[in-house]
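I have placed the structure first, in the form of structure tokens, so that the comments after it can refer back to it.
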Amino acid sequence: MHANVIFVRWLYAVAALWGLVILVPMFFLEDTIGPPAITHPEYYYGFVGVAVACQILFLIIATDPVRYRPVMLAAILEKFSYGIAALVLYDQGRISGGPLFGGVVDLVFGVLFVAAYFMLRKNARYYA
């Protein structure tokens, strides 16, 4: 197996495990968040549920990154959407350093996901 493919497999597996460790406990922490209290739990649980589903998608990509290379575009969007939002919200004084840290981690993974996408360009040509 080509070194690029091995790197991408590890990258997506690590990103998924990191995300699951951070996100799954959030299903049980609604009452500990605040102030202010969560006023729309459907948004909170909707966010957590979709984010966990993305981590499962990352695990699927890790199984065969060349085959699932087109899906990496959605993974890149997922990482940049939260990372950029976190930067903007922090700049506006609407979130603290904790969520900002999570956003920066997502941006780092997003940049690595972009690099991974292009690293597999040659491999994707030979996939049948």
Side-chain angles (χ1 to χ4, degrees):
M1 188 177 305
H2 198 273
N4 287 349
V5 175
I6 294 170
F7 169 76
V8 175
R9 288 181 77 163
W10 276 98
L11 171 64
Y12 273 88
V14 168
L17 295 175
W18 168 264
L20 289 171
V21 165
I22 298 300
L23 292 165
V24 170
M26 292 177 71
F27 281 117
F28 309 101
L29 296 175
E30 177 190 357
D31 293 338
T32 65
I33 296 175
I38 293 173
T39 58
H40 296 313
E42 67 275 20
Y43 295 149
Y44 175 80
Y45 288 108
F47 162 77
V48 175
V50 169
V52 167
C54 286
Q55 308 318 300
I56 303 305
L57 175 68
F58 300 161
L59 288 173
I60 292 168
I61 292 170
T63 65
D64 191 347
V66 176
R67 178 179 183 188
Y68 295 115
R69 183 174 178 262
V71 182
M72 289 181 186
L73 297 172
I76 292 165
L77 177 62
E78 186 269 346
K79 289 301 178 192
F80 282 116
S81 65
Y82 182 71
I84 292 169
L87 289 177
V88 170
L89 290 170
Y90 184 79
D91 186 57
Q92 294 173 345
R94 296 173 62 192
I95 62 170
S96 64
L100 175 64
F101 175 76
V104 170
V105 170
D106 268 11
L107 288 174
V108 170
F109 275 123
V111 169
L112 291 171
F113 283 8
V114 169
Y117 181 81
F118 287 106
M119 287 171 69
L120 296 180
R121 184 174 37 210
K122 283 185 180 179
N123 301 80
R125 280 190 240 150
Y126 302 110
Y127 191 82

Next on the checklist: Using modelled atom types and a 3.5 Å cut-off, is there a donor and acceptor pairing between side-chain atoms of E30 and backbone atoms of M26?
Outcome noted: no

Checklist entry - Which heavy-atom pair separates C54 from E78 by the least distance, and what is that distance? => result SG-CG, 3.6 Å

Item to check | Minimum heavy-atom distance between L29 and P25, given as atom pair plus value | outcome: CG-O, 3.2 Å

Checklist entry - Yes or no on side chain to side chain contact (heavy atoms under 4.5 Å, CB included) for L87 and L107, after CA distance, side-chain angles and deciding distance? => result CA-CA 10 Å; L87 289 177; L107 288 174; 3.4 Å; yes

Checklist entry - Should we count OH of Y90 as having more than 12 external heavy atoms under 6.0 Å? => result no

Checklist entry - Is any side-chain heavy atom of F58 less than 4.5 Å from a side-chain heavy atom of K79? => result yes

Scan the side chains in residues 6-21 for donor-acceptor partners under 3.5 Å anywhere in the protein, sequence neighbours excluded, and list what turns up.
unit_1: R9; atom_1: NE; unit_2: A62; atom_2: O; d: 3.0

Checklist entry - Backbone N or O of E42 within a donor-acceptor pair of the H40 side chain at under 3.5 Å? => result no

Checklist entry - In terms of the angle between their ring planes, are Y82 and F47 parallel, tilted or perpendicular, with boundaries placed at 30° and 60°? => result tilted

Item to check | Side chain to side chain, K122 and H2, heavy atoms closer than 4.5 Å | outcome: no

Next on the checklist: One pair to check against side chain to side chain contact (heavy atoms under 4.5 Å, CB included): L57 and Y68. What are the steps and the verdict?
Outcome noted: CA-CA 10 Å; L57 175 68; Y68 295 115; over 6 Å; no

Next on the checklist: Using a 6.0 Å cut-off, check whether atom CZ of F101 has over 12 heavy atoms from anything other than its own residue.
Outcome noted: no

Next on the checklist: Nearest 0.5 Å, please: how far is CG in D106 from CD1 in I22?
Outcome noted: 10.0 Å

Checklist outcome for this item: Looking only at heavy atoms, the pair that brings L100 and I95 closest together is N-CD1, 3.9 Å

Checklist entry - Do the non-hydrogen side-chain atoms of F113 and Y117 ever get within less than 4.5 Å of each other? => result no

Checklist entry - Run the side chain to side chain contact (heavy atoms under 4.5 Å, CB included) check on L73 and L77 step by step: do they pass? => result CA-CA 6 Å; L73 297 172; L77 177 62; over 6 Å; no

Checklist entry - Which atom pair, heavy atoms only, marks the closest approach of I61 to M72? => result CG2-CE, 3.9 Å

Checklist entry - Do V50 and Y43 share a hydrophobic cluster (ILVMFWY, side-chain heavy atoms under 4.5 Å, transitive)? => result no

Checklist entry - Should L89 and P99 count as side-chain neighbours, where that means a heavy-atom distance under 4.5 Å? => result no

